[in-house]
Amino acid sequence: MEEILKVNGLSKKFDDLPVLDNLSLSVKKGEVVVIVGPSGCGKSTFLRCLNGLEDIDEGEVLLGEEKVNPNKKNLSRTRERIGMVFQSYDLFPHRTILQNITLAPIKVKKRKKAEVEEEAIKLLDRVGLLSKKDSYPRQLSGGQKQRVAIVRALIMHPEVLLLDEITAALDPEMVREVLDVVLSLAKEGRTMLIVTHEMAFAKAVADRVIFLENGKIVEEGSPEEFFDNPQTDRLKRFLKTFSYEK
Amino acid sequence: MGFEVLLKGNNMLRLLGGLGVALYISLISVAISIVLGIILGALMTLKNPVINAFSRVYLEIVRIMPQMVLLFIVYFGATKVLGINLSAELSSVIVFSFWGTAEMSDLVRGALSGIDTIQYESSAALGMNTVQTYFYVIIPQIIRRLIPLSINLITRMIKTTSLVMMIGIVEVLKVGQQIIEANRKSSPNAAFGVFATIFLLYFLACYPISLLSKYLEKKWEN
């Protein structure tokens, strides 16, 4: 399979504190990589480096042949190829749901409005939110907003989709409706990098799971190996915090 | 009741003319305040220490000083000290803009810093460049926050123009006094009628503006 995203020796410090420490990773087309780890392990920072929202101290991120570099002028063109959904609701409050979705394709990709709207409506229908197309973000629940945010990223036809703890701020009942959408995207072969705390979801969606701590990959493997037969003590202890025994 | 004096000669027209002067001074000042306030407010968000020190002193002066004192300083003081002869109208526009710019810049700063970083980041993640981000995402949100607040500033300015008669501008209140003085013998009750009319005129000028701001605020609440 073709390699789509490659990270070579990525390092980053906040002031003097290392957050990412010589991290390397390669993602194939259609692969779903889930990154888990304790809070503050650098998971989110790692994702943010991948589309240039954070500066990189050392190393490089390659999207296909193109280098993602926050100092380069064509960064916004590179970002068109990488979709991202954030933890907090990031919809534009002054625009309707449909306008939220169509803004970037019309203004950035210069596509025709009618054609973009048609596609937006299809995507909204797919995530079960067609009836909300003329609502404003404030009228939607958290789970609905996140589904819209996913659609808004999808309509840019990104080659890679980054999901940064997209259910962490949601009420438990709403987590499912969002993760079901992500599962269906995985099934149709989308390349995704997902940071999450939902272990059951990670196991179901991932082709590969990575355990990150102190900015380093501690362990990685297929979901079966990773969850059922963890090798390192650190991962064993981490996974134990998610299971309860009486 | 004293209303009859307004029917004499062109008294009512003169009163309306006075209101016109008040509106004219306040609208020009508001226009200047909005432009300068947006520039200063945007500069304030840069967190430059020099700009911050300057704006803090400036805002504090405006807060502490009664507008009337400012009017006297500019109108009488400038003539004496600097030797420039400012007209009363220009002096009042300067003072009202000085005040309005301070208020406006603070509103702009608040509106700008009230916009979550995630709005910039999610725009960037969608491939928008800085200009597109500001044009389609940030500025529309700022305008929605600012318009109701700046409308509020307009009504306060209109009210405060009653002070400019102190430096000799014949605005609505001054016209009213002139009418009362001129008719002291024939209509001793003129004061009530004239001032009640002036009250009504201010109300008619400010109330629609205040309604508009309430309407916009409701329409745009996020």
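Please read all numbers here as calculations on a predicted model, not as lab measurements. Chain A is the first sequence line, chain B the second, and so forth, proteins listed ahead of strands; every chain is numbered from 1.
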Q) So with a 6.0 Å cut-off around CZ of B/Phe76, is the heavy-atom count from everything else above 12? A) yes
Q | More than 12 heavy atoms of other groups within 6.0 Å of A/Glu118 CD | A | no
(Q) Within the structure provided, determine whether B/Gln132 and A/Ser76 are in side-chain contact (heavy-atom separation under 4.5 Å). (A) no
Q.
Can you tell me which portion of A/Asn51 sits under 4.5 Å from chain B's heavy atoms? Options are side chain, backbone, both or neither.
A. side chain
(Q) If I measure from the heavy atoms of chain B, does A/Leu91 come under 4.5 Å with its side chain, its backbone, both, or neither? (A) backbone
Q: Check whether any side-chain heavy atom of A/Met156 sits under 4.5 Å from a side-chain heavy atom of B/Leu126, and report yes or no.
A: yes
**Q.** Sorted by number, residues from residues 124-133 of chain A in contact with chain B (heavy atoms, under 4.5 Å)
**A.** none
Q) If you check every heavy atom in residues 97-115 of chain A against those of chain B, which residues fall under 4.5 Å? A) A/Leu103, A/Ala104, A/Lys107, A/Val108, A/Lys110
Q: Give, for atom CZ of B/Arg145 and atom NE2 of A/His94, the distance between the pair rounded to the nearest 0.5 Å.
A: 11.0 Å
Q.
Quick check on B/Met166: does its CE atom have over 12 non-hydrogen neighbours (other residues, nucleotides or ligands) under 6.0 Å away?
A. no
Q) Side chain, backbone, both or neither: which part of B/Thr130 has a heavy atom under 4.5 Å from chain A? A) neither
Q) Side chain, backbone, both or neither: which part of A/Arg48 has a non-hydrogen atom closer than 4.5 Å to chain B? A) side chain
Q: Return the minimal non-hydrogen interatomic distance between B/Gln141 and A/Pro93, and the atom names on each side.
A: OE1-CG, 3.3 Å
Q: Using a cut-off of 6.0 Å, state whether more than 12 heavy atoms not belonging to A/Phe14 lie near its atom CZ.
A: yes
Q: Examine whether an atom of A/Phe92 lies under 4.5 Å from a heavy atom of chain B, and if so say whether it belongs to the side chain, the backbone or both; otherwise answer neither.
A: both
Q. So which heavy atom on B/Ala125 is nearest to which on A/Met84, and how close?
A. CB-CB, 4.0 Å
